[in-house]
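In the text below, chain A, chain B and the rest are named by the order of the sequence lines, each starting its count at 1.
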Amino acid sequence: MAKTKISSILGSVLAALGIQADLEFRVDIPPRQELGDYASNIAIIYGRKLKQNPLKLAEQISKKVTELDKEKLVSKVEFVKPGFVNIFLNNSFLQQTTQDILQLDHAWGTSQAGNQERVLLEFVSANPTGPLHVGHGRWAVVGDVIARLLKATGSKVKTEFYVNDVGNQVEKLEASVKARRQNIEIPAGGYGGEYIKEVEGETRAEMLAFLMDQQKSVLKALSVEFDTWFAESELHKQDKIRWAIEKLHGLGVTFEESGAIWFKSQALGDDKNRVLMREDGRPTYFAADIAYHLNKFERGFDHLIDIWGTDHHGYLGRLTAALKVLGLPVEKFEIIIGQLVTLYRGNEPVRMSKRTGEMITLQEVIDEIGADAVRFFFSATDVNSHLDFDLELAKKKSQDNPVYYVQYAHARICSILKKSEMRNAKSEQGIDLSELNHPAERALMFKLLTWPDLVVEAARLRHPHRITEYGKELATVFHSFYEQCRVLGNPARLALVNASRITLRNVLKLLGINAPEAM
RNA sequence: GCGCCCGUAGCUCAAUUGGAUAGAGCAUCAGUUUCCUAAACUGGGGGUUGGGUGUUCGAUUCACCCCGGGCGCACCA
C-alpha cells in the first residue's frame, strides 16, 4: 500500500537523521496536484518537538528521502511553506501498480489490516411486529457494507439479527391481529396498520414466523443476509436473564423497591436507576439485553459492534454501565449510533410509524427505485448525519443517479474490452506499460493506486460512504481519461482500462451493487 | 429543563478526523459527437462553513457560549 511505503521511507529518514521516532505523522494526498501525490506534516510535527525551524527540517528530510528511496518510488521531493514535505511519485511505480492489479484481480484492495479479529456485528434487529421500513433499510445497508469492509481487511465477521420475540410488543401484535380478524377495535397501543390483516398464522409463533419471513425476503432483495438470527426467547428458555440479574445482585448493584428489582445504574454513570425485574415478576427488555450481550462476549468474539438508531441512544448509558460492572471489556464494545431517515414525497414528509395507516415499507421503496439505487443512496452518506430521502426526486432522477454513473463506467469498460478481444487479465500481464505518461493516464493510475489505502481507512472508521465517494471519483477520472485517450489498438491503455475495470468492480462488490457489463 | 447528534453553494451531500486556495452531483448558463457506449466530457456563475469567543504555525474539524433542527429522557422495545 502506497501510504505504508511512503511512511516507511519517512521513518528511515528520521532514523538516518538521528531523530527518535515517537510521534505520529501523517501521509496524505494533498488538495492540489501541484503539491505532489503525497504530502507529510512530519517536519512540522518534529520541528515543534525538537524546537527546530520546521521548514529547515523539511529541507533536510526532503534530501534524505531520495537517498533512502530504495525502490525508486519517488521522482521528486519538495518542501514548502509551513514545513510540508511533498512527494511526487515515479510513473514507473504507478505503472507497476497497474500491472499488479491485473494479477491481484479480486484480491486487489484486500488486506490483513484487521489482523483476523473476530467481530460480531449486530444490526437491524427490528421487532417482528411488522414490515421493515426505510430506516431499517439504512441500517441494513450500512451494516452489510461495514461487514464487507471488515472482511476485505481481514477480520472474521459474523453478522447477527436479534429478534425480540418476547414481551409487550409481540403480545400486542397477536392481540391486534386477532381483533382485526374479528372486526373489533384494536386494543390500546396495538398495531393498526393495513398489513395487520395480511398476517397469517393461528398462534403467536406462527404470526411471528410469518412476519420474520417477510423481513428476511426484503433483506434478501437488498442482498443483505445474516449469519445468525438470535431469538430473545432463547435467553428466557435457558434462564439466562435470571442468571444475569443474579450476577448483578451478587455484585451488590441491585436493590428492591415497590416490588421491582432495580439496577443502581445512576451510581455508574447513567441518568437514573433502571428496573430489571418488574413488579409482576417479568424481566424488562433491558435485563434481557444485558443477558444477550453477556452471551455475545461468552461466544468468544474479540470485538462487538452494534448499530443502533439514534432513537435508542439513551439506552447506551445503562447498557455500558451494566457490562462494565460485570467486568466485561467495554473497550471491545462499540456502538454505532445512526441518525434517522426522513422520507419525503416531494415536500411532504412521510410518517414511518407502524401504528399509522399510511406507511411506506422498505419493500415498496425497493420496488420503486431498485435495490442498487437504495444501497447506493444509503451507503452514500455519513450515518451520523440525518438523511432526507425524497422518493419523488430519487424516482425522477433515476436516469442520472450516481449509481448509474458508476455502473456506466464499468459497462463502458466492458464494452471496450469486448471489442479489443482482451478480456482476460492474464493475457495482459507482461505488457510494457512504460508509455503510459499522458496526464489523463497518470491521473487514472494514481486513482487506482489509492484504492487499498482507502478500503483500510473506510473499514477503520466504519464509513461506507468513503467507498461510494471513491466510486464516483474513479468513474469521473475514468470518463475523463476515456475522452482524451483512444484505447483500442493500444495494448498499454487496454491494460490500464482492464485494471480500472477490476477496481470499479471491486468497489461495487464491496457496496453489494451489481457491476453490469452492458447498459 | 437535561443528554446525544446535526447545521457547509438554491437543493442533496463530501472534505483524507487539526492541514495548504472548502469540493462533487442536481439545478443554472455556455460549449463538445463523421472517432472505442453522449447514461459521457469541457468551461462559467454560485460560500463570512448558523453566529460569536478561544486554543495554535494552521479550525468546517477541538473547547466554551448563543441560535436553529432531529432524537431521547418508561416497570415499551
Side-chain angles (χ1 to χ4, degrees), chain A residues 3 26-32 34-35 39-41 44 47-48 54-55 80-84 86 125-127 129 164 166-170 172 189 232 257-262 271-272 274-280 282-286 288-289 309-317 337-340 342 377 380-382 384-390 393-394 396-402 404-405 407-409 411-420 450 453-454 457 461 463 465-466 468-469 472-473 475-476 478-490 493-494 497 518-519:
Chain A
K3 278 193 187 181
R26 296 200 59 88
V27 174
D28 291 313
I29 300 167
R32 292 189 310 285
E34 317 88 78
L35 301 173
S40 179
N41 62 353
I44 303 173
R48 185 196 313 215
L55 198 57
V80 78
K81 302 177 223 169
F84 286 108
N86 295 340
S125 300
N127 284 331
T129 52
N164 305 122
V166 177
N168 288 339
Q169 314 286 327
V170 292
K172 279 177 180 154
E232 184 188 341
E257 192 179 291
S258 58
I261 299 175
W262 295 69
D271 297 342
K272 51 184 82 164
R274 308 289 175 176
V275 171
L276 293 166
M277 189 78 85
R278 284 180 266 240
E279 221 175 335
D280 61 9
R282 289 152 59 230
T284 57
Y285 174 84
F286 175 46
D289 216 21
T310 184
D311 52 334
H312 288 79
H313 83 264
Y315 197 73
L316 197 151
I337 303 285
Q339 302 300 314
L340 303 177
T342 312
F377 268 91
T381 57
D382 189 340
N384 214 20
S385 292
H386 300 262
L387 180 57
D388 286 340
F389 192 72
D390 184 353
L393 212 62
K396 198 170 104 190
K397 295 198 304 184
S398 68
Q399 281 310 302
D400 42 16
N401 240 321
Y404 295 111
Y405 181 74
Q407 287 180 320
Y408 178 68
R412 219 179 194 187
I413 288 171
C414 289
S415 167
I416 297 167
L417 295 175
K418 201 171 173 183
K419 280 211 169 102
S420 75
T450 61
D453 281 324
L454 184 103
E457 195 71 353
L461 298 169
H463 277 177
H465 69 278
R466 288 294 180 86
T468 54
E469 284 293 315
K472 288 190 278 189
E473 288 164 13
T476 298
F478 175 78
H479 285 309
S480 178
F481 154 82
Y482 178 89
E483 294 292 325
Q484 296 174 65
C485 301
R486 173 101 191 155
V487 175
L488 287 179
N490 184 325
R493 283 179 178 167
L494 278 164
V497 164
M519 282 174 77

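- Residue contacts shown for A/I337 are absent, as no nucleic acid heavy atom lies under 4.0 Å away.
- Among the heavy atoms of the strands lying under 4.0 Å from A/Y315 is at least one base atom, whether or not backbone atoms are also near.
- Distances were taken from every side-chain heavy atom of A/S480 (C-beta onward) to each of B/A14, B/U42, B/C75; the shortest belongs to B/U42.
- By the 4.0 Å N-to-carboxylate-O rule, A/R466 lies too far from A/E469 to be salt-bridged with it.
- Contact of the A/L387 side chain with the A/F377 side chain is not registered, since no non-hydrogen atoms from C-beta on lie closer than 4.5 Å.
- Between the C1' atoms of B/U61 and B/U49, the separation comes to 11 Å (whole Å).
- As judged by a 4.0 angstrom heavy-atom cut-off over every strand, A/N41 is placed among the base-contacting residues.
- Of all nucleotides present, only B/G70 satisfies the Watson-Crick or G-U wobble test against B/C4, with each distance under 3.5 Å.
- At the phosphate of B/A38, neither OP1 nor OP2 sits under 4.0 Å from any side-chain N or O atom of A/Y404.
- A/S385 contributes no side-chain N or O that forms a donor-acceptor pair with the base of B/C13 under 3.5 Å.
- For B/G10 and B/C64, the C1' atoms lie 33 Å apart once the distance is rounded to whole Å.
- Rounded to an integer number of Å, the gap from A/I261 CD1 to B/A74 C1' is 18 Å.
- Checking the phosphate oxygens (OP1, OP2) of B/U12, no side-chain nitrogen or oxygen of A/H386 falls inside 4.0 Å.
- Using a 4.5 Å heavy-atom threshold, the side chains of A/N168 and A/Y285 count as separate.
- The separation of B/U8 from B/C62, taken at their P atoms, amounts to 16 Å, rounded to a whole angstrom.
- Applying the 3.5 Å distance criterion, the base of B/A20 shares a donor-acceptor pair with the side chain of A/N86.
- Proximity of A/N164 to A/V170: side-chain heavy atoms (C-beta onward) are nowhere separated by under 4.5 Å.
- Heavy atoms of A/V80 sit under 4.0 angstrom from at least one base atom.
- When the side-chain nitrogen and oxygen atoms of A/S415 are compared with OP1 and OP2 of B/U37, one or more of them lie within a distance under 4.0 Å.
- The phosphate of B/A77 (OP1 or OP2) has no side-chain N or O of A/T129 nearer than 4.0 angstrom.
- Shortest non-hydrogen contact noted between A/S420 and A/L417 is OG-O, 2.8 Å.
- One atom, CG of A/N401, and another, P of B/A39, lie 15 Å apart when rounded to the nearest Å.
- The listed nucleotides are B/A20, B/C36, B/A39; the one nearest the side chain of A/Y408 is B/A39.
- Straight-line distance from the CZ atom of A/R274 to the C1' atom of B/A74: 9 Å, rounded to whole Å.
- For the C1' atom pair drawn from B/C4 and B/U12, the interatomic distance equals 24 Å after rounding to whole Å.
- Applying the 4.0 Å criterion to OP1 and OP2 of B/U37, one finds that A/K419 has a side-chain N or O inside that range.
- One C1' atom belongs to B/G31, the other to B/A38, and the distance between them is 14 Å to the nearest Å.
- Heavy-atom distances to RNA chain B give each of A/T476 and A/E232 a nearest nucleotide, and the one nearer the 5′ end belongs to A/T476.
- Donor-acceptor pairing under 3.5 Å, judged by distance alone, is present between the side chain of A/H313 and the base of B/G3.
- Straight-line distance from the CD atom of A/E457 to the C1' atom of B/A15: 13 Å, rounded to whole Å.
- Mapping A/S40 and A/H312 onto RNA chain B by nearest heavy atom places A/S40 closer to the 5' end of the strand.
- Residue A/N384 has a polar side-chain atom (N or O) positioned under 4.0 Å from OP1 or OP2 of B/C6.
- Between A/V497 and A/Y482, every side-chain heavy-atom pair lies at or beyond the 4.5 Å cut-off.
- Between B/C36 and A/R493, no contact under 4.0 Å exists linking OP1 or OP2 to a side-chain N or O.
- The base of B/A14 is not paired with the side chain of A/H465 by any donor and acceptor separated by under 3.5 Å.
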Anything under 3.5 Å between a protein N or O and an N or O of nucleotides 27-35 of chain B, put it in a table, one pair a line.
{"from": "B/C35", "atom 1": "O2'", "to": "A/R486", "atom 2": "NH1", "distance (Å)": "2.3"}

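- By the criterion of a centre-to-centre distance under 5.5 Å and near-parallel planes under 30°, the ring of A/F84 forms a stack with the base of B/A20.
- Here A/P402 lies out of heavy-atom contact (under 4.0 Å) with every strand.
- For A/L387 and B/G70, the CG to C1' distance is 13 Å, given to the nearest whole Å.
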